[in-house]
Each structure stands twice: as C-alpha cells, then as structure tokens.
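Chain naming here is simple, since letters A, B, ... match the order of the sequence lines and numbering starts at 1 in each. The model shown is predicted, which means the values in this text are computed figures rather than measured ones. Only heavy atoms go into these numbers, but all of them, side chains included; no hydrogens, no water, no symmetry mates.
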Amino acid sequence: MAERLTRNLVAALRRDVIGLVLLALVGTLLALCLMAPWITSADPTQTDFANMLLPPSLAHPLGTDDFGRDVFARLLYGGQASLAIAVVAVLVVTAIGVTVGIAAGYFGGAVDIVLTKVIDVLLAFPRLVLAIAVAALMGGGMVPLIIAVSAVAWPPYARIIRAFTLQIRQEGYVLAARTMGTPAWKVLVHHVALNLIGPILVLAMLDLGNLILSISALSFLGLGVAPPQPEWGAMLNEGRAMMELAPWLVLAPGAAIFIVVLAANYFADVVRDSTEGRPVHGPRDWLRVGRRRGLPDAAAEPTVGTGHPLVAFDGVTVDVTDPRSPYFGRRILDGVSLTVRRGECVGLIGESGSGKSTLASLALGLTRSPLALTAGSVDLFGANTRDWRWDDWRDVRGRAVALVNQDPLSALNPVLKIREQIGEVMAVHSGASRTVIDDRVREVLNEVHLPPRVLDQYPHELSGGMRQRVVIAMGLVNRPSLLIADEPTTALDVSTQIRILDLLRELQSRYGLGLLFVSHDLRVVAQVADRVAILKGGRVTDQGTTEKIFTAPREPYTRALMAAIPGQRRLQDRVTGT
Amino acid sequence: MLRYALKRAAAAVAVLFGITVVVFLLLRLIPGDPATAVLLTMTNPGAGSAEITMADIEQLRAELGLADPLPVQYAAWLGEILQGNLGTSLRSRQPILGELVLRIPGTLILAGAALVVMFAIALPSGIIGALYAGRPADHATRMVSLVGESLPNFFLGVLLIYLFAIQLDWLPAIGRQGPESLILPALTLGTGIAATTSRLLRASLLDTLSQPYILMAEAKGLPRGRLLFRHALRPAFVPVLTSSSLVAGGLLGGAVVVETVFAWPGVGRYMIEAIGGRDYPVIQGFTLFMAALFVTLNFLVDILYRFLDPRVRVEDARHG
C-alpha cells in the first residue's frame with residue numbers, strides 16, 4: 001500500500017504544476033528556517049527601540065516590529081519553533097493513535113471496550129475547545145502546547161487503526177501465526193504494524209494541515225511559546241495591534257502558516273484522490289445547454305401508419321472512448337442492426353457482457369461516459385437521433401420511450417415516495433393538473449396490480465416484486481409506444497415473474513406497445529417474444545422469429561444455447577403451440 | 001422514531017457522563033498546587049509565595065474542592081453540576097453558568113451566521129464540483145475551497161479587518177454594534193468550515209449521480225433542475241449530514257478564535273479572558289458547557305438525519 005501510494009504520488013506530481021510550485025515554496029521556506037543562523041545575522045529577540053516599525057528594506061527584508069526586532073529573523077527562527085512543534089505533535093499523535101488502536105483492535109474484550117469509550121468521550125468534545133482548555137490549564141508553553149494538540153488529535157487515528165487491526169487480525173497469516181503460538185508482541189510487530197504503515201501515512205498526511213492550524217491557533221491565543229521567543233501564530237497575534245502602521249507584521253507570519261498548511265492540504269487531496277479514485281459518471285451531455293434541433297413530427301406524435309419502426313438500430317458500434325477507463329479501446333457493440341415495430345415484442349438474448357444492456361440504453365440516449373456511439377445510427381420513430389441534445393432526448397424519454405431497469409432495488413429513488421416517482425413522469429411531460437395525474441397514477445397502479453396504499457410508501461417498504469411493478473408503472477404511466485425492458489424479471493421470484501410477463505403481453509396486445517425485451521433467460525424470452533436476436537460479444541449472431549430460433553436454430557452458438565436449456569423439449573412444444 | 005430518539009438520548013447522556021469525568025480531571029493538569037497557583041495570580045502577579053499564608057491556601061483548596069480524596073471530590077462536584085451549578089468565577093465572584101448563559105446568544109448568532117456563509121459557499125461549489133467533475137470549473141472550485149481551508153481563521157479575520165475596516169472603512173473592525181458588525185466575523189468563521197462541507201458534498205453528489213436511480217430518473221425524461229435538486233441532492237446530503245459533527249466542532253472551536261480576533265462578545269472571548277486571569281473554574285465550566293452543547297447538537301442532527309433518509313427510519317422500526 002505504501003509503495004503504491006508513493007508511486008501514485010510521484011506519477012501525479014510529474015504532471016502537477018501547482019503541486020510542484022507548492023513543494024518548491026515549502027521546501028525553500030523549510031530550508032531558510034533550518035539554516036536561519038547562516039541566512040540572517042539579526043537576533044530575533046534583540047530589541048532596538050531606535051529602529052521600531054521600519055518598513056521592509058535591504059537591512060530588514062521584512063521590516064521591524066514594535067520592539068525594533070528584525071521580522072525576517074523572527075520569521076525564520078519562529079518557523080523553527082512552529083515546525084518543530086508540528087513534527088513532534090505528528091509523531092506523538094501517531095504513536096498514541098497507533099498504540100491504542102492496535103491494542104483495542106488486537107486484544108478486544110475489556111481492553112477494547114475501555115479504550116473505545118475513552119475515544120468516544122474525547123471525540124465528543126469540540127476539538128479546539130478541549131485543546132485550548134488543556135493548554136490553558138497547563139499554563140502555556142511549548143510542551144503544554146504539544147500535549148494539548150496531541151491529546152485531542154489522536155482519537156480519530158486510534159479509531160481508524162483499530163478498524164484496520166480488526167481486519168488484519170482475521171487474515172489467514174495472522175491467524176496462522178497465532179495458532180502456532182507466536183508471542184503477541186511478535187505478531188503485532190511483524191504482521192499487524194507493518195501492514196498499517198500505509199494507512200498511517202495516509203492518515204498523518206490528511207491530518208497534517210489541521211494539526212498545524214490548531215498549533216498556530218493556540219499560539220495565536222497566547223498558549224504557545226513564551227513571548228520574547230518568536231513563533232508564527234504568536235507573531236501574528238503580537239502584530240495585530242500595529243497592523244495599521246505595519247501590515248508586514250501580520251502578513252509575514254500569516255503567509256508562512258498559509259503556505260505550509262496549503263501545501264499539506266493540497267497533498268492530502270492528492271493522496272485522497274489516489275486512494276479513492278474510482279471514476280464516476282453522471283448523465284451524459286446534460287450540461288450542454290444546446291438549442292433544440294426541433295423534434296420530427298413522428299416523435300412528437302408517434303401514431304400508427306407512419307410505417308417507420310419505433311426504433312431502428314443500424315450498424316451501431318459502441319466503444320470505450322475514455323482513455324482514463326481501464327477498458328479503454330474495448331468494443332462493446334459491433335455493427336448491430338435491429339428494429340422494433342409497433343405491437344411487436346423483440347427478444348434480445350445474450351450472456352452477461354454481451355452488450356445487451358448497452359444496446360437497450362442506446363434506445364433512450366442513455367449511454368454514459370466512458371462509452372460512446374462511434375458508428376452507425378439509432379432512429380427513433382423514423383428520426384435520426386445523431387444530433388439530438390439533452391432536451392430532444394428528454395422530450396421522448398418517459399413519454400414515447402420508457403425504460404424498465406434490470407434492478408428494481410436500485411432503480412427507485414430511496415428518499416421519494418412512490419406517488420411522486422410515478423406522478424412526476426406525467427407531470428413533466430403533460431403538465432396535466434394534479435387530480436388528472438393522481439387519477440392516472442391510480443389507474444396505472446391498478447394495471448400493474450398494485451394496491452393504492454403503495455402511493456404513500458417509500459421504495460424500501462415494498463417487496464422486490466412490488467418495486468419492479470412500480471418501475472413498470474413508471475414506464476407505462478404516459479402510455480409510451482415503445483418499452484425497453486432490460487431484464488425486467490431477473491431479480492424476481494418465479495410467480496411474480498409470470499405475473500409481470502403476463503402483464504407485459506397484455507399491454508402489448510391492448511395498446512399496441514412495442515417491446516424490446518432484453519434477457520439472458522431463454523425460457524422467459526420464448527414466452528413473450530415474437531422475434532429473437534442473439535447477441536454475442538457485441539455482435540448479432542442470429543436473428544429470426546421466435547419459432548425459427550427455438551425450433552430450428554442454424555447458427556452453432558444458437559444451437560449450443562438451445563441445447564443448454566433444461567427441459568428443452570417442452571419449451572419447443574410451447575413455442576410451436578403443439 | 002421515539003424509541004430511537006430515546007436510545008440516542010441515553011447514549012448522549014452516557015457520553016456526557018464521560019465528559020464530566022474528563023473535565024473534572026482537567027483541573028489536575030495545573031502544574032504544582034492549583035490553589036497556590038491561583039493565589040499567586042489573584043493577589044499580585046509579581047508577588048512571591050512568601051506573601052501567601054497557609055490559611056489562604058487551605059481556604060482556597062476547600063473552595064476549589066481539592067481537600068478530599070478524588071472520588072469524593074468528583075461526586076460532590078458532579079452533584080453541584082447536576083443542580084446547574086458550574087461553580088463561581090474566581091475573579092468576578094459570579095456564578096459561571098449565569099455568565100455563560102448571558103454570553104451564549106452572541107456565540108450562537110455568530111455561529112448561525114457562519115453556517116449561512118458556509119452553505120452559501122459550500123452548496124454552489126460542491127454542486128459545481130460534482131457536475132463539472134474533472135473539468136476546469138471543478139479544479140477552480142477545488143482550489144478555492146483548498147485556499148479557504150488552509151487560511152488560518154485568525155489570519156483571515158485580521159486580513160478582512162485590515163481591508164474592510166482599516167483601508168476601506170466600510171465595516172466596523174471589532175465589537176458588536178449593529179448587524180453590519182456581524183459580517184466580517186461570520187465570513188471568517190464560515191469560510192474555514194465551508195471547504196469540508198463542499199468536498200463532502202461534491203464526493204457524495206458524484207456518487208449519487210452514478211446511481212441507477214439517477215439513470216432511471218434520466219430515462220423518465222425529467223428536466224435537469226428536477227433531476228439535480230429533487231432526485232440527486234437530497235440523497236447526496238445524507239452522508240454530508242452524518243459528518244456534520246466536523247462542522248459543529250469547527251464552528252464551536254473556531255468561534256473562540258474568531259471572537260478573540262473581532263472582540264465579539266460571546267462565550268469564547270469570556271474563556272480567553274479567563275485564561276489570561278487564570279480563572280480555572282471558568283475554564284473548566286466553559287469546557288463542560290461547550291462539550292454539552294456539542295453533544296446536544298450532534299444528537300439533534302442525528303434525529304434530523306432520520307427524517308432525511310426514510311430508509312433508516314424503517315430500520316429503527318424493525319430493530320428498535
């Protein structure tokens with residue numbers, strides 16, 4: 001972990017101008033502070049009332065203070081104090097945090113309970129308030145300052161280290177060492193502590209900025225190094241009164257603290273990114289507020305008789321186009337052509353990873369980065385969607401084309417009631433009145449055989465089957481002409497599955513709904529589909545009527561699939577109706 | 001819900017008990033004999049120990065409750081606390097609780113205004129950061145919040161005073177005279193904590209936007225505004241709220257510093273004055289008061305969180 005971290009850091013730094021600049025600034029500041037006696041000959045505590053409050057000059061690069069002391073010298077020597085306190089505090093905090101965390105996590109039992117309670121209580125104080133109280137009661141000074149800052153900073157470390165230790169304790173090699181009778185301290189040092197170096201470094205890095213801020217805040221309040229000696233926070237406090245006459249008294253130490261903390265926080269950010277770093281993708285193109293291209297009439301009024309298929313995929317090819325993706329360059333769909341007509345159910349069969357969900361999302365323009373359509377075209381209701389912007393898509397989504405997702409558990413928003421989630425699809429498209437919407441919502445609930453009581457429930461209060469029917473109701477509320485059903489029954493038990501399939505077939509025959517039914521389950525597809533397409537590795541390998549595919553498969557892959565169905569004989573009988 | 005609230009309240013009381021133990025033990029941190037130390041500072045800072053009589057020391061030891069064994073001392077002290085007696089200030093001879101209650105409105109007004117500032121900064125920057133993730137607008141907001149997070153609030157406060165009070169003379173530098181004197185302290189306190197919230201909101205919103213239910217909301221043809229504000233933002237706020245104790249801690253601790261910088265009349269400045277006068281009972285009482293306030297705030301947020309996320313509400317009903 002530590003190794004990977006360093007590697008990531010170095011790699012990140014190479015391209016990071018701001019990081020390099022900050023590193024150079026802090027490096028210079030550190031070097032100047034450490035070599036203070038060689039940089040300046042001035043004495044940081046030597047008062048000189050003949051030269052009070054002088055502005056910056058060659059003799060005094062940062063001017064002098066109200067005692068005539070050289071501010072530059074005070075800044076460098078003060079930096080020694082500030083940074084020394086920070087370094088010691090980091091060491092103390094990590095030492096206590098790691099010891100307590102490992103002890104609590106490794107030994108468990110009473111030790112764990114007591115230590116965890118202590119941690120809980122300390123975390124129940126506002127951090128800075130407790131630090132101020134400790135430092136104030138101890139009377140101020142360098143050692144009390146370190147104790148105060150460390151006393152409030154270690155509990156979060158201990159808590160995290162404890163969690164890591166609990167995890168490591170369960171690893172096979174630690175269990176093995178313990179059963180072989182290796183003494184506890186040896187196990188702790190060899191197996192536990194060494195594994196914790198990575199997390200500890202990350203923690204220390206993330207907290208360093210905060211720690212320096214607390215230290216300087218305490219010094220600012222007069223709880224740090226005793227007065228004639230310089231320290232950044234204290235210098236800032238002393239300079240406040242003279243700010244009108246000599247702003248450099250405040251600016252010099254303030255800027256020094258700021259630069260050090262900024263660098264620490266900046267690298268904490270880099271560390272955080274390299275430990276998390278999972279790329280996430282929001283809706284595509286929704287920030288491109290482009291002018292609408294004007295929808296074709298067919299999409300605005302998708303009725304019978306236009307002769308166009310509802311959706312026509314023509315040689316569509318989808319690639320992973322984001323170079324940051326680990327799958328960059330992979331082809332997901334390769335020249336797929338497929339159409340769905342009115343009143344028709346097309347089954348799309350494929351194993352997982354065959355690209356069937358990608359094809360389904362393409363029908364609603366929902367492909368998200370890192371995927372992108374690189375060739376071919378998608379026609380909706382006879383209109384080419386190539387130049388459609390967000391608003392064009394938005395107009396057909398949920399109104400003319402609806403999606404039923406494969407996972408009913410995650411397709412519903414956890415914090416909104418069912419009434420709103422179904423009703424809003426109608427509200428945003430029709431602008432109908434509340435009562436009209438409410439009537440239609442009740443009607444569609446009835447169609448999917450859900451009781452009206454679900455309206456005021458949250459998704460998590462419903463069973464999986466009920467949730468899936470809510471998703472179907474959401475799709476049907478505007479009476480779309482095309483329904484994209486992506487594995488609508490996979491997550492359901494068999495009896496619910498049958499009821500939902502019946503419902504879909506009923507709607508198809510009653511309203512002339514076009515259905516693209518995506519599934520890996522051949523038997524389910526055989527039940528509902530008029531035509532079937534087989535997708536393998538992003539290509540359509542076989543396509544035809546359900547009867548032809550299931551009874552007389554020609555392609556070897558189709559034949560293999562059919563042979564793999566348990567009870568295949570009976571299925572064929574059902575398809576051919578004999 | 002009520003059961004959950006009671007359970008959390010019981011936990012809060014247990015923590016408060018732990019807090020009293022820590023606060024009680026704090027007084028043992030005073031180097032040497034506390035009574036002597038107090039007398040030295042009270043009488044005359046320059047005076048030697050020769051001028052203090054043993055009788056004085058004994059009297060003060062009794063007053064500070066230092067004469068008995070520790071558990072007895074603690075029990076007596078806790079008894080007083082439970083009756084609402086935080087002790088008397090050594091300097092003003094006034095009950096400490098009264099002095100704190102007198103000054104807490106100032107601190108709460110400052111903290112409230114700082115919260116407004118925090119949301120005014122964190123909401124837009126967190127949302128922009130998530131929406132434009134990885135693009136220039138994201139980098140810009142991240143740099144801004146990084147700067148806000150790294151500027152020590154005492155430095156920022158002094159800078160603001162220099163700019164807006166001394167150079168431009170637009171706003172009062174210190175004290176509390178009218179609403180305009182709240183602006184600079186609230187800006188100072190709010191800026192520092194905005195960065196944490198902004199970062200959390202950005203990460204949480206990014207995570208929410210990649211959830212299947214947002215894809216579903218998109219498939220329903222919802223307009224951008226509804227997608228973002230109704231569907232994404234509320235679930236995204238749940239993790240932000242769970243780490244609100246960071247914000248509350250930053251507010252209460254930061255208030256002490258900011259009140260000192262701006263001479264703002266609140267409990268923080270009272271504490272800093274007490275430190276200067278070695279008024280140990282006040283330091284102790286203040287710490288206990290702030291910790292109790294912090295625990296109460298966290299408790300309230302915990303309850304509020306239940307309302308924001310209906311999923312947890314049901315879990316409570318099930319597991320009580």
Side-chain angles (χ1 to χ4, degrees), chain A residues 117 120-122 124-130 132-134 136-139 209 213 216-217 220-221 236 240 243-244 247 250 254 257-258 261-262 265-266 269 280-283 286-287 364 366 394-399 402-403 405 407 410-415 424-425 428-429 458 460-461 474, chain B residues 15 18-19 22 26-27 29-31 131-132 142 146-147 149-152 154-155 158-159 162 166 206-207 209-224 226-227 231 234-235 248-249 252-254 256-257 260 271-272 275 280 283 287 290-291 294-295 308-311 314:
Chain A
K117 287 283 171 264
D120 283 348
V121 166
L122 285 178
F125 283 91
R127 195 167 151 168
L128 195 59
V129 169
L130 185 60
I132 292 173
V134 170
L137 290 170
M138 293 182 72
L213 276 184
S216 54
F220 173 81
L221 294 173
L236 213 158
R240 261 196 314 152
M243 190 167 47
E244 205 168 344
V250 163
I257 300 171
F258 172 60
V261 177
L262 183 67
N265 285 340
Y266 185 85
D269 244 21
V280 280
H281 301 285
W286 71 326
L287 297 168
L364 289 109
L366 290 174
R394 192 182 86 64
D395 192 63
V396 292
R397 287 174 188 160
R399 186 178 62 81
L403 175 72
N405 230 3
D407 186 3
S410 53
L412 294 172
N413 192 311
V415 302
E424 67 180 352
V425 195
V428 300
H429 284 297
Y458 288 101
H460 63 266
E461 298 172 286
M474 245 159 50
Chain B
V15 166
I19 284 174
V22 173
L26 273 183
L27 219 49
L29 287 174
I30 303 172
L131 293 188
Y132 296 88
R142 276 179 86 166
L146 202 61
V147 168
E149 181 183 38
S150 308
L151 264 178
F154 48 89
F155 183 41
V158 170
L159 282 182
Y162 184 71
I166 297 181
L206 264 182
D207 194 52
L209 284 176
S210 60
Q211 292 293 319
Y213 58 80
I214 295 298
L215 187 81
M216 200 63 209
E218 200 188 350
K220 282 155 76 174
L222 302 186
R224 290 171 246 263
R226 190 169 177 85
L227 194 59
H231 278 262
R234 216 176 113 186
L252 295 181
V256 179
V257 176
T260 309
M271 157 81 159
I272 297 303
I275 293 175
Y280 297 118
I283 299 175
T287 311
M290 291 301 258
F294 187 49
V295 170
L308 210 59
D309 191 348
R311 281 170 297 184
V314 168

If you take all heavy atoms of B:F154 and A:A217, which pair is closest and at what distance?
CE2-CA, 3.4 Å

When A:G209, A:A402, A:A136 are compared by non-hydrogen pairs under 4.5 Å with chain B, the top option
A:A136

Under 4.5 Å from a heavy atom of chain B, the part of A:M138 involved:
both

Chain A contacts, top residue of B:L26, B:L159, B:V295 (heavy-atom pairs, under 4.5 Å)
B:L26

Interatomic distance, CD@B:E218 vs CZ@A:R397, rounded to 0.5 Å, equals 4.5 Å

Heavy-atom contact with chain B under 4.5 Å, split by part of A:Y266:
both

How far does CE of B:M216 sit from CG of A:L403, to the nearest 0.5 angstrom?
4.5 Å

Heavy-atom pairs under 4.5 Å with chain A - which of B:L215, B:I275, B:V15 has more of them than the others?
B:L215

Under the side chain to side chain contact (heavy atoms under 4.5 Å, CB included) rule, what do B:H231 and A:E424 come out as? Steps first, then yes or no, please.
CA-CA 11 Å; B:H231 278 262; A:E424 67 180 352; 2.6 Å; yes

Could you pull out the closest heavy-atom pair between B:P223 and A:V428, with the gap in Å?
CD-CG1, 3.6 Å

With sequence neighbours left out, write down each residue that passes side chain to side chain contact (heavy atoms under 4.5 Å, CB included) with A:V415, or none if nothing qualifies.
A:N413, B:R234, B:P235, B:D309, B:P310

Where does B:I272 contact chain A at under 4.5 Å (heavy atoms): side chain, backbone, both or neither?
side chain

Straight-line distance of B:I283 CD1 to A:I132 CD1, nearest 0.5 Å
10.5 Å

Among A:L122, A:V425, A:N265, the residue with the most heavy-atom pairs under 4.5 Å to chain B is A:N265

Looking only at A:V121, A:L137, A:L128, the option with the highest number of non-hydrogen pairs under 4.5 Å against chain B is A:L137

Quick check on A:L262 against chain B: is it the side chain, the backbone, both or neither that has a heavy atom closer than 4.5 Å?
both

Relative to chain B, which segment of A:V261 carries a heavy atom at a distance below 4.5 Å: side chain, backbone, both, or neither?
both

Proximity breakdown for B:L222 and chain A, heavy-atom pairs closer than 4.5 Å
both

Closest approach of A:S410 and B:P212, non-hydrogen atoms and distance?
OG-CG, 3.3 Å

Minimum heavy-atom separation for B:F155 to A:V250, with atom names?
CE1-O, 3.7 Å

Taking every heavy-atom pair that is under 4.5 Å apart, which of B:V257, B:V256, B:L151 has the most such pairs with chain A?
B:L151

With a 4.5 angstrom heavy-atom cut-off, could you sort out which part of A:L364 is near chain B: side chain, backbone, both or neither?
side chain

Enter the distance from A:L130:CG to B:T287:OG1 here, rounded to the nearest 0.5 Å.
7.0 Å

Give, for atom CZ of A:R394 and atom CG of B:L227, the distance between the pair rounded to the nearest 0.5 Å.
10.5 Å

Looking only at B:L146, B:V147, B:L252, B:T260, the option with the highest number of non-hydrogen pairs under 4.5 Å against chain A is B:L146

Search all heavy atoms of B:F294 against all heavy atoms of A:A124 and return the closest pair with its distance.
CD2-O, 3.0 Å

Using 0.5 Å steps for rounding, measure from the OG atom of B:S150 to the CG atom of A:L213.
7.0 Å

